[in-house]
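The structure under discussion appears below in the form of structure tokens.
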Amino acid sequence: MAHVRLDKISKKFGSHTALINLDLDIADGQFFVLLGPTGAGKTTTLRLIAGLDAPTSGGISIAEQDVSGWSAAERDVALVFQYYSLYPHYTVRQNLEFPLKSKVRRMSQQDIDHRIAKASKTLRIEHLLERKTDRLSGGEMQRVSIGRAIVREPRVFLMDEPLSNLDAKLRELLRSELKDLQMKLGATFLYVTHDQVEAMSMGDQVGVLNQGRIIQVGTPQQIYNQPHDTFVATFVGSPAMNLLQADVRGGRAVVLPGKLELPVDQAAGGRAAKLTGPATLGIRSEDVMVGVNEAVEARVHGVENQGVEKVVTLRVQDCLMKATVPARLELSIDSVVRFSFKQEKLHFFEPGSGNNLFYGEEKRNG
Amino acid sequence: MADIVLRDVEKYFGDNYIIRKLNLEIRHREFVVLLGPSGCGKTTTLRAIAGLEEIDTGDILIDGVPVQALQAADRDIAFVFQLYALYPHLTAYENIAFPLRAMRESAQTIDKRVMDAAKALKIEHLLRKRPGALSGGDLQRVAIGRALVRRPKALLMDEPIGALDAKLREEMRTELKRLHIENEATTVYVTHDQVEAMSMADKIAIMNDGVLQQVGTPTEVYSHPANLFVAQFIGSPIMNVAKGMVRPGEGSTRIILGDNDATLEFPQKLYPMIVNKKHAEDELTLGIRPEGVQVARNQTAGFVAVEAHIIEPLGPFDIVDLKFGKQMMRARTPSGYVEKAGDVVWAKLDETQTHFFSTRTGESLQIQL
């Protein structure tokens with residue numbers, strides 16, 4: 001059992017503050033993804049939990065035990081890095097054996113063999129056991145690195161962008177495999193990435209981190225459908241959510257007077273009807289409807305073929321928006337089209353802070 | 001004007017081919033993307049066009065003229081690299097103006113050309129800054145500005161946005177394509193990212209191991225891949241592939257997946273089509289994109305029962321791993337359509353979106369239902 005808890009963690013490196021008052025609660029058996037851009041503090045968080053660094057203030061507990069004073073080895077967590085740290089001149093089997101042969105463990109060779117057999121079966125690397133690690137492909141090496149973590153049967157798996165060095169196809173394959181592995185093991189995973197697709201597709205819970213602060217924690221659906229602020233709204237989802245500066249009054253939003261105005265009286269469960277003043281409107285590309293009878297006129301600024309669908313950039317004066325349309329729709333560059341927004345899918349953010357004006361309330365409306 | 005033609009181009013290093021019998025035509029004003037994994041020969045091809053790399057056999061013609069004898073500088077081609085090679089001590093303006101100064105253009109011409117390029121790239125406000133003060137995206141814009149300002153016959157780009165973060169890459173994709181439409185320079189663009197290729201190219205040339213696999217519009221390579229490599233390199237999530245045995249059925253053609261994992265029914269006319277292709281083996285490889293795997297929550301005629309294994313919510317839709325026996329296939333469903341892992345649902349492969357490949361050669365059998 002390994003419930004992981006971070007309580008008001010701060011970490012400073014000299015004058016640089018890497019983490020500020022970080023609270024994190026990872027349930028036993030959960031696949032938790034920490035998502036954020038470079039420099040957000042993701043890796044620092046992992047290192048603190050692993051015991052490789054000590055927090056400046058705050059507490060860390062694993063399985064309800066305060067582990068602040070514990071060494072990395074005592075915490076019984078396993079780290080998997082982006083760069084597979086394998087011993088190059090040893091075989092896969094020797095690499096897997098290594099963590100089990102430590103003097104502290106005193107495991108019998110029989111137990112070791114049993115664990116290696118089990119782990120290599122799970123990861124489908126049985127046929128590679130006698131091969132030297134420098135003869136492996138990238139995907140195989142990453143499987144072996146993960147294997148080295150699995151054989152220890154640690155309480156928590158910590159993974160630092162383990163897939164980002166692999167090519168797109170392999171990354172996609174290993175995404176499913178990792179998720180499958182975590183479900184089979186029933187283990188607690190803390191997985192760090194800057195790739196929102198990885199976060200969405202694997203996480204039971206996703207924590208979005210920016211500049212050392214946790215902005216939002218939720219299921220992938222919550223993060224996607226009810227973003228806390230414009231940072232989360234544009235970081236999660238591809239293409240990024242469209243943001244438009246508007247003046248809202250009497251149930252109407254004016255982005256460009258006379259050119260781009262839209263009703264918002266039904267938006268946000270009717271709450272937008274009472275909104276007055278400047279607001280940042282957010283709308284995802286799949287919630288922008290393109291068709292001959294829609295309300296607003298635009299020019300086609302760009303068309304991106306993405307196979308199953310197209311992403312069209314629409315332009316109204318200097319205002320650019322993306323819309324997702326079916327691949328069969330023929331749209332030529334610079335032609336005139338009409339579009340509108342699905343009102344119930346609009347988001348409203350405060351222009352200064354970027355905070356979602358209806359956060360929490362949006363949630364209750366699903 | 002710039003038509004670029006590659007004719008039987010080969011390049012080898014010892015016994016190893018880097019490029020093998022490459023034939024490619026790039027028409028005036030076209031935006032052609034050379035796409036492939038690392039080491040496939042795409043960058044070598046680009047450098048050969050630029051004159052930065054010599055070829056061993058074959059011809060490269062620009063506007064009908066063989067250019068092997070011409071130095072890079074005399075080919076009137078501009079090159080943009082992944083790592084912006086800018087002069088750190090010069091302002092953005094001077095960096096862009098540099099090639100024109102080297103050509104001894106008048107101050108007036110230089111100013112006009114630099115300002116035109118800056119306007120197209122929306123970097124007018126950055127012209128007085130030095131590279132050290134610019135972000136990655138802006139640096140690349142300046143580097144592109146420097147390439148454009150000479151008004152070259154052709155613009156060659158080697159993963160120009162590969163080093164930028166995801167969001168900026170998305171913006172730059174639209175901008176670069178827009179720029180191409182406005183300045184009409186023939187563009188050859190190298191990338192390993194199929195999304196970039198699909199979204200920007202007029203024509204994609206896919207390479208693997210030095211061999212050109214297919215040339216076509218984004219729609220052609222996506223909908224009619226010539227072989228398994230192209231099928232699985234283009235598109236995300238990846239096209240599902242599964243081996244199957246073909247059997248004539250009563251009023252149908254049956255395909256038995258993998259190790260007797262599931263039996264799928266296809267139209268009767270499929271069997272003679274496969275026989276017609278003189279496909280010696282009765283084993284073939286099926287390919288189907290996740291959007292071609294139809295899913296129903298209730299039992300439906302022609303659908304087979306499958307177990308949902310992993311559900312990946314991607315926002316506007318979910319990708320669901322379905323177990324056809326031991327064979328896994330991924331389907332694209334509306335968000336939340338399959339509730340949870342372990343649920344049993346019904347699935348069918350849309351025959352019009354199913355691709356048939358020879359297992360032995362990987363080539364498409366060119367059968368379209």
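From a predicted model like this one, the values you see are computed outputs, not experimental measurements. Letters A, B, ... mirror the listed sequences (proteins, then strands); counts begin at 1.
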Distance-only donor-acceptor check, side chains B:Ser199 and A:Gln306, under 3.5 Å: no

If you measure only the distance, is there a donor-acceptor pair under 3.5 Å linking the side chains of A:Asp180 and B:His309? yes

Side chain, backbone, both or neither of [X] within contact of chain B (heavy atoms, under 4.5 Å):
X	result
A:Val236	neither
A:Gln221	side chain
A:Thr313	side chain
A:Thr234	both
A:Pro239	both
A:Met202	neither
A:Ser238	both
A:Glu198	neither
A:His301	both
A:Asn305	both

Presence of salt bridge, [Y] and [X], under 4.0 angstrom:
X	Y	result
B:Arg178	A:Asp334	yes
A:Lys179	B:Glu312	no
A:Lys322	B:Glu171	no

When you compare the side chain of B:Leu314 with that of A:Tyr224, does any pair of heavy atoms fall below 4.5 Å? no

Just wondering, do B:Pro316 and A:Arg284 contact through their side chains at under 4.5 Å, heavy atoms? no

Would you say [atom1] of [X] has more than 12 non-hydrogen atoms from neighbouring residues, nucleotides or ligands within 6.0 angstrom?
X	atom1	result
A:Asn210	CG	yes
B:Arg27	CZ	yes
A:Glu344	CD	yes

Rounded to the nearest 0.5 Å, how far does [atom2] of [Y] lie from [atom1] of [X]?
X	Y	atom1	atom2	answer
B:Met198	A:Glu304	CE	CD	10.5 Å
A:Thr324	B:Phe317	OG1	CZ	9.5 Å
B:Ile238	A:Leu170	CD1	CG	8.5 Å
B:Thr174	A:Arg315	OG1	CZ	13.0 Å

Is [X] close to chain A through its backbone or its side chain, or both, or neither, when contacts mean heavy atoms under 4.5 Å?
X	value
B:Glu291	side chain
B:Asp321	side chain
B:Ser38	neither

Counting heavy-atom pairs under 4.5 Å with chain B, which one of A:Ala240, A:Ala168, A:Ser176, A:Pro37 comes out on top? A:Ser176

Report the option among A:Gln196, A:Glu309, A:Met183 that has the most heavy-atom pairs separated by less than 4.5 Å from atoms of chain B. A:Glu309

Name the option with the most non-hydrogen atom pairs under 4.5 Å to chain A; the candidates are B:Arg332, B:His192, B:Glu175. B:Arg332

Between B:Pro237, B:Gly235, B:Ala166, B:Ser335, which has the largest tally of heavy atom pairs under 4.5 Å with chain A? B:Pro237

Looking at every non-hydrogen atom in both residues, tell me the closest pair between A:Met200 and B:Gly315 and how far apart they are. CE-N, 3.5 Å

Output, in order, the C-alpha distance, side-chain angles, deciding distance and verdict of side chain to side chain contact (heavy atoms under 4.5 Å, CB included) for B:Gln232 and A:Lys169. CA-CA 8 Å; B:Gln232 290 210 293; A:Lys169 191 170 153 184; 3.3 Å; yes

Begin with the C-alpha distance, continue with both residues' side-chain angles, and end with the deciding distance and a verdict on side chain to side chain contact (heavy atoms under 4.5 Å, CB included) for A:Ser201 and B:Ile319. CA-CA 8 Å; A:Ser201 59; B:Ile319 295 297; over 6 Å; no

